[in-house]
There are 2 protein chains.
Amino acid sequence: MVTIKDVARIAGVSVATVSRVLNESGYVNTDTRKKVEAAIKQINYTPNEVARSLFKRKSKLIGLLLPDITNPYFPLLARGVEDRMQENGYRLIFGNSDENEFKELDYIQTFVQNNVIGVISSTNFPDSDIYTKLQIPIVFLDRTSNERPSVYADGREGGRIAAKEIIARGSKRITIIQGPAHIKPAQDRFQGAVEVLEEMNMTYNVIQTSSFSYTGVEPWAKELFEKYINTDGVIASNDIVATAVLHEALRLGKSVPQDVQIIGFDDIPLSSLLSPSLSTIHQPTYDMGREAASLLIKLIEQDKVEDSIIQLPVRFVERETTRRNQEKG
Amino acid sequence: MVTIKDVARIAGVSVATVSRVLNESGYVNTDTRKKVEAAIKQINYTPNEVARSLFKRKSKLIGLLLPDITNPYFPLLARGVEDRMQENGYRLIFGNSDENEFKELDYIQTFVQNNVIGVISSTNFPDSDIYTKLQIPIVFLDRTSNERPSVYADGREGGRIAAKEIIARGSKRITIIQGPAHIKPAQDRFQGAVEVLEEMNMTYNVIQTSSFSYTGVEPWAKELFEKYINTDGVIASNDIVATAVLHEALRLGKSVPQDVQIIGFDDIPLSSLLSPSLSTIHQPTYDMGREAASLLIKLIEQDKVEDSIIQLPVRFVERETTRRNQEKG
DNA sequence: TTGTACGCGTTATCAC
DNA sequence: GTGATAACGCGTACAA
């Protein structure tokens with residue numbers, strides 16, 4: 001390993017001087033600087049971030065905690081975070097929590113042990129001791145808790161839009177799929193949809209699901225059509241569930257969107273590749289990741305931050321699982 | 001920050017003793033140990049991994065470099081790596097390379113600066129200086145290079161299987177989609193398919209694609225049916241491309257699999273949710289991640305490793321984009 | 001069985 | 001302008 005001492009020896013100066021040119025701190029003669037830079041280049045020296053981190057008590061590392069990168073919604077989030085962090089020289093320590101509080105605690109602990117300078121987490125337990133006791137800046141992503149820094153999409157409005165659109169397009173017997181009870185965005189979506197349905201005096205049914213995971217979405221799709229065979233409109237809790245519903249509807253010989261309309265949530269990349277392609281409520285997922293990163297960077301680098309709760313807008317994406325809107329012609 | 005000194009002070013012993021109980025090294029009296037453990041619990045002490053890393057010149061961190069986590073193939077790989085690493089107490093520093101050699105170099109450098117103890121990379125440049133000069137254990141994942149530790153699937157056999165199956169199921173005018181020329185597994189698949197087609201004296205066409213990315217797969221699907229309108233069998237380079245081809249075929253009013261059969265590659269999670277669901281060559285993606293992690297752990301913890309080149313088998317998954325095999329009844 | 005002292009690579013303070 | 005040197009938190013000879 002090549003260290004700052006080697007550079008100092010070769011350049012014929014002290015390590016203090018090398019440190020100065022490295023960090024552009026303090027005075028250093030132009031000639032001296034050149035000698036040092038030459039030495040650095042000669043032996044291809046790069047500073048040991050671990051030693052830096054030890055001394056400064058903080059690293060250039062960010063902890064990123066996601067429920068499950070295998071769920072196609074999260075990679076975009078992660079990518080947004082990474083790209084933005086990269087721009088400011090921060091790197092990611094990454095972990096999947098599987099919505100398991102113990103695993104979260106374990107990861108957060110590792111983050112702290114590694115002197116991460118901040119954490120971004122899509123946790124289901126934002127009010128857990130894990131986070132309230134955390135001494136470093138934290139941003140909740142796709143999650144929120146009172147007054148804590150967070151970035152998320154407007155789920156309630158998304159639910160409202162989904163309900164309005166599916167009604168405007170002619171569904172009369174709507175079934176809402178309610179996502180996991182403990183996940184705030186899922187409940188927001190659900191409530192938004194219910195609100196509109198109630199306002200418009202529509203009858204509707206509800207199917208409850210317990211997870212957002214890939215595995216085991218089919219059973220809920222089957223349950224839906226067994227319990228409510230006459231459903232002619234489905235507001236799904238996310239695109240994965242919507243995809244399973246679509247699959248099951250087609251399997252049962254139903255025409256989509258003629259017999260049943262389906263609206264998803266998220267607009268994950270595969271939605272547009274389905275046949276028929278999936279109408280859905282678009283979330284600016286990648287940008288949410290970027291925003292969370294930007295917010296965390298502000299929290300780290302600035303004293304005070306004005307807006308630390310960021311809600312991003314959603315929008316309806318019309319594709320082929322909904323009929324043309326008659327009203328709009 | 002609570003340090004080993006605090007523990008020592010509270011327990012009324014020296015830091016050396018605390019260190020001994022922490023690392024279970026050397027002798028320590030049972031009573032003393034209990035006092036130390038009590039103190040640790042009392043002030044909730046956890047060792048500073050940065051200081052450890054500095055002293056030992058290596059951390060518990062692993063560098064994981066993937067082309068793009070947004071491509072649905074890679075999250076499973078990442079998950080496999082993480083789960084296995086977790087079991088041995090290693091954590092991941094993660095980065096997307098975008099198949100960009102400069103970004104790779106940048107990340108590898110960061111990994112080294114952070115004392116990672118090993119690297120797993122799905123690089124397109126395994127023979128680059130970046131890797132040949134690397135002083136720490138490295139495992140190539142879903143990639144391979146002569147004699148270097150690597151874990152990958154048997155692409156050639158996969159290509160052969162795909163061709164055999166699509167022929168056995170009655171396709172006469174087959175089009176193969178050839179993945180990016182610089183990615184070894186893509187070429188293996190292609191060659192395997194071509195081999196069988198040649199052996200059986202079938203006529204076939206080839207469409208060349210330049211990337212495995214999501215964006216811009218549609219154009220190739222369109223190109224395929226414009227150039228080779230009579231195609232009745234498509235061997236796609238991966239499931240994303242296959243999905244786009246399926247989408248386009250249905251859009252053109254073709255019946256799948258009656259008019260055209262489609263076989264994908266990878267068996268990403270969405271494949272089974274498509275309508276019709278996608279027949280494909282299954283890769284044990286998650287297990288590949290795990291295997292790569294296991295191999296790297298061996299490389300790190302053992303002196304010599306017998307098999308450092310691991311090729312995993314693939315298999316055909318029959319779903320709905322292929323017809324029933326007549327021969328098999 | 002336990003404690004002292006040093007070094008890991010870096011930065012910051014303070015002389016010179 | 002530059003160079004010693006202490007300190008960051010930990011692990012390990014070596015001494016006691």
Side-chain angles (χ1 to χ4, degrees), chain A residues 1-37 39-40 43-61 89 109-117 135-136, chain B residues 1-37 39-40 43-61 89 109-117 135-136:
Chain A
M1 167 174 277
V2 28
T3 78
I4 199 172
K5 286 180 189 168
D6 300 317
V7 177
R9 188 169 31 76
I10 290 176
V13 299
S14 73
V15 294
T17 302
V18 178
S19 180
R20 278 188 210 103
V21 341
L22 243 32
N23 300 287
E24 298 174 14
S25 60
Y27 302 95
V28 40
N29 185 295
T30 309
D31 287 349
T32 313
R33 158 168 291 123
K34 280 182 181 163
K35 276 192 292 185
V36 170
E37 285 167 348
I40 288 176
I43 60 177
N44 196 24
Y45 164 79
T46 57
N48 182 323
E49 287 295 334
V50 176
R52 277 188 168 167
S53 172
L54 179 62
F55 182 84
K56 295 193 162 187
R57 290 210 190 82
K58 50 188 177 185
S59 68
K60 298 288 272 180
L61 263 19
Q109 186 172 316
T110 311
F111 293 165
V112 171
Q113 288 178 325
N114 283 282
N115 280 6
V116 302
I117 197 176
Q135 304 284 331
I136 50 179
Chain B
M1 167 174 275
V2 29
T3 79
I4 198 172
K5 284 180 191 168
D6 301 317
V7 177
R9 188 168 32 76
I10 291 176
V13 300
S14 74
V15 295
T17 302
V18 178
S19 179
R20 279 188 207 101
V21 341
L22 245 31
N23 300 287
E24 297 174 14
S25 61
Y27 303 95
V28 41
N29 185 296
T30 308
D31 287 349
T32 316
R33 159 169 290 123
K34 281 180 182 164
K35 276 193 292 183
V36 170
E37 284 167 347
I40 288 176
I43 60 175
N44 195 24
Y45 165 79
T46 57
N48 183 322
E49 286 295 333
V50 176
R52 277 190 167 166
S53 171
L54 179 61
F55 178 82
K56 295 192 159 185
R57 290 211 188 82
K58 50 188 176 183
S59 67
K60 298 287 270 180
L61 264 18
Q109 185 172 317
T110 310
F111 292 165
V112 171
Q113 289 179 322
N114 283 282
N115 279 5
V116 303
I117 197 175
Q135 304 286 330
I136 51 179

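The chains referred to below are lettered A, B, ... by the order of the sequence lines, with proteins before strands, and numbering in each begins at 1.
- A pairwise comparison of heavy atoms in B:Val2 and B:Tyr45 identifies O-CD1, 3.4 Å as the closest pair.
- Comparing the local axis fitted to the first five base pairs of the helix from C:dT1-D:dA16 to C:dC16-D:dG1 with the one fitted to its last five gives a bend of 50°, rounded to 10°.
- B:Ile43 places its CD1 atom 13 Å from the P atom of D:dG9, with the value rounded to the nearest Å.
- In this structure, OH of B:Tyr27 is placed 16 Å from P of D:dT12, rounded to the nearest angstrom.
- Interface residues of residues 6-13 of chain A facing DNA chain C, ordered by number: none; criterion, heavy-atom separation under 4.0 Å.
- Atom pair B:Lys34:NZ and C:dT1:C1' shows a separation of 17 Å (rounding to whole Å applied).
- Under 3.5 Å, the side chains of B:Ser19 and B:Asn23 contain a donor-acceptor pair of N or O atoms.
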Sequence neighbours excluded and cut-off under 3.5 Å, please list the side-chain donor-acceptor pairs for residues 28-37 of chain B, or say none.
{"residue": "B:Asn29", "atom": "OD1", "partner": "B:Asp31", "partner atom": "N", "Å": "2.7"}

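- Distance, A:Arg33 CZ to D:dG1 C1': 11 Å, rounded to whole Å.
- Atom NZ of A:Lys58 and atom P of D:dG9 are 14 Å apart (whole Å).
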If you restrict it to nitrogen or oxygen atoms, what contacts under 3.5 Å exist between nucleotides 7-11 of chain C and the protein, and what is each distance?
{"residue": "C:dG9", "atom": "OP1", "partner": "B:Arg57", "partner atom": "NE", "Å": "3.2"}
{"residue": "C:dT10", "atom": "OP1", "partner": "A:Tyr45", "partner atom": "OH", "Å": "2.5"}
{"residue": "C:dT10", "atom": "OP1", "partner": "A:Asn48", "partner atom": "N", "Å": "2.9"}
{"residue": "C:dT10", "atom": "OP2", "partner": "A:Ile4", "partner atom": "N", "Å": "2.5"}
{"residue": "C:dT11", "atom": "OP1", "partner": "A:Asn23", "partner atom": "OD1", "Å": "3.2"}
{"residue": "C:dT11", "atom": "OP1", "partner": "A:Asn23", "partner atom": "ND2", "Å": "3.2"}
{"residue": "C:dT11", "atom": "OP1", "partner": "A:Arg52", "partner atom": "NE", "Å": "2.6"}
{"residue": "C:dT11", "atom": "OP1", "partner": "A:Arg52", "partner atom": "NH2", "Å": "3.1"}
{"residue": "C:dT11", "atom": "OP2", "partner": "A:Ser19", "partner atom": "OG", "Å": "3.1"}
{"residue": "C:dT11", "atom": "OP2", "partner": "A:Asn23", "partner atom": "ND2", "Å": "3.4"}

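- Side chains of A:Asn48 and A:Met1 form a contact here, defined as non-hydrogen atoms less than 4.5 Å apart.
- Shortest non-hydrogen contact noted between A:Ile117 and A:Lys58 is CD1-CD, 4.0 Å.
- Every pair tested for salt bridge (Lys or Arg N to Asp or Glu O under 4.0 Å) that includes a residue from residues 10-23 of chain B fails, sequence neighbours excluded, so the list is empty.
- With hydrogens and angles ignored, the 3.5 Å screen pairs no side-chain donor or acceptor of A:Ser59 with any backbone N or O of A:Ser53.
- If you check every strand for non-hydrogen atoms under 4.0 Å, A:Thr32 touches sugar and phosphate atoms only.
- When the salt bridge (Lys or Arg N to Asp or Glu O under 4.0 Å) test is applied to B:Arg57, no partner is found at least two apart in sequence or on another chain.
- Between B:Glu24 atom CD and D:dT12 atom P there is a gap of 13 Å when expressed in whole angstrom units.
- Between A:Leu54 and B:Leu54, the shortest heavy-atom contact is CD2-CD2, 3.3 Å.
- For A:Ile10 against A:Ala39, the heavy-atom pair with the smallest separation is CG2-CB, 3.8 Å.
- At a threshold of 4.5 Å between non-hydrogen side-chain atoms, the residues A:Leu22 and A:Ile40 count as touching.
- Where B:Thr17 and A:Ser25 each meet DNA chain C at their nearest nucleotide, the meeting point lying more 5' is that of B:Thr17.
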